[in-house]
Peer 1: 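Here you go, one structure.
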Amino acid sequence: FPSHETMQIRIRAKMETTIADNSCTVDLEAYIGNDGALTSDLVSTAAQSMNSLTAANYDFTLSIGSVEPGDLIECRLSITCNDAATGTSVTPAVYKVTLLCDTRG
C-alpha cells in the first residue's frame, strides 16, 4: 500500500444499561496473520472510553506500512470495565464493527 492510504476499524458502542462507576474502555488489536505467526500490533490508537449511554463511533487507526494486498488481518476487540458492582447491571454493547479503507493508488 502506498504511504498515503489509510485503514481504520470503526467500533460503534455504548453502555446498554448503566455507566460503570469508574471506567469502561474499548480497545482493538490487529495483526497480519498470513502464516499463523502474528506480526506486532498494527493499531496506533490507544484504548478509548465508551462509558456513555449514548452510542458513538470509536475509530482505531492501523499502521499499514507492512500490509500487502491479500494479507489476512486478525483483530481482537476487548472491553474493560471497572465498576463497584453495587447491584445495578453494567452492560457494555457493541453494535457494529466496520473496516474503513482508502485504497486509491
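Just so you know, residue 1 is the first one in the sequence shown, and it goes up from there.
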Peer 1: If you take all heavy atoms of Ile9 and Cys75, which pair is closest and at what distance?
Peer 2: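 Distance-wise, the nearest heavy atoms are CD1-SG, 4.4 Å.
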Peer 1: Show me the pairs that pass disulfide (SG to SG under 2.5 Å) and involve residues 38-67, at least two apart or across chains.
Peer 2: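 Pairs touching residues 38-67 that pass the test: none.
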Peer 1: Would you say Met15 and Met50 make side-chain contact, with heavy atoms under 4.5 Å?
Peer 2: yes
Peer 1: Report yes if some heavy atom in the side chain of Val67 is under 4.5 Å from a heavy atom in the side chain of Ile32; otherwise report no.
Peer 2: yes
Peer 1: When rounded to the nearest 0.5 angstrom, what distance separates OG in Ser23 from CG in Asp83?
Peer 2: 9.0 Å
Peer 1: To the nearest 0.5 Å, how far apart are CG in Leu42 and CD in Glu74?
Peer 2: 11.0 Å
Peer 1: How long is the gap from CG on Leu28 to CD on Gln8, to the nearest 0.5 Å?
Peer 2: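 Going from the CG atom of Leu28 to the CD atom of Gln8 covers 11.0 Å.
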Peer 1: Identify all side-chain donor-acceptor contacts of residues 87-98 below 3.5 Å with residues at least two apart in sequence or on another chain.
Peer 2:
residue	atom	partner	partner atom	Å
Ser89	OG	Thr91	OG1	3.0
Tyr95	OH	Glu16	OE1	2.3

Peer 1: Is Phe60 linked to Leu72 within one hydrophobic cluster, defined over Ile, Leu, Val, Met, Phe, Trp and Tyr using a side-chain heavy-atom separation of less than 4.5 Å?
Peer 2: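 Phe60 and Leu72: separate clusters.
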Peer 1: Assess the residue pair Leu53 and Ile19 against the criterion (side-chain contact (heavy atoms from CB on, under 4.5 Å)); give the C-alpha distance rounded to whole Å, side-chain angles, the decisive distance to 0.1 Å, and a yes or no.
Peer 2: CA-CA 7 Å; Leu53 295 175; Ile19 63 170; 4.0 Å; yes
Peer 1: How long is the gap from CZ on Arg76 to CG on Asp41, to the nearest 0.5 Å?
Peer 2: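 So the CZ of Arg76 and the CG of Asp41 are separated by 9.0 Å.
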Peer 1: If you define the side chain from C-beta out and look only at heavy atoms, does anything of Tyr58 sit under 4.5 Å from Arg10?
Peer 2: no
Peer 1: Are any non-hydrogen side-chain atoms of Ile73 and Leu62 less than 4.5 angstrom apart?
Peer 2: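 Heavy-atom side-chain distance check passes, below 4.5 Å.
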Peer 1: Hey, are the side chains of Leu99 and Met7 touching, using non-hydrogen atoms and a 4.5 Å cut-off?
Peer 2: yes
Peer 1: Disulfide (SG to SG under 2.5 Å): which pairs involve residues 20-64, sequence neighbours left out?
Peer 2: Cys24-Cys81
Peer 1: Which residue is it: Asp27, Ile11, Val26? I am looking for the one with a side-chain contact (heavy atoms from CB on, under 4.5 Å) to Ile79.
Peer 2: Val26
Peer 1: Is Asn57 reaching over with its side chain to a backbone N or O of Arg12, donor-acceptor style, under 3.5 angstrom?
Peer 2: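 No, Asn57 side chain to Arg12 backbone: no donor-acceptor pair under 3.5 Å.
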Peer 1: Shared ILVMFWY cluster between Leu100 and Leu77, side chains joined below 4.5 angstrom?
Peer 2: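 In one cluster: no.
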Peer 1: Hey, does Thr25 have a side-chain heavy atom less than 4.5 Å from the side chain of Gln48?
Peer 2: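 Side chain of Gln48 against side chain of Thr25, heavy atoms only: no contact under 4.5 Å found.
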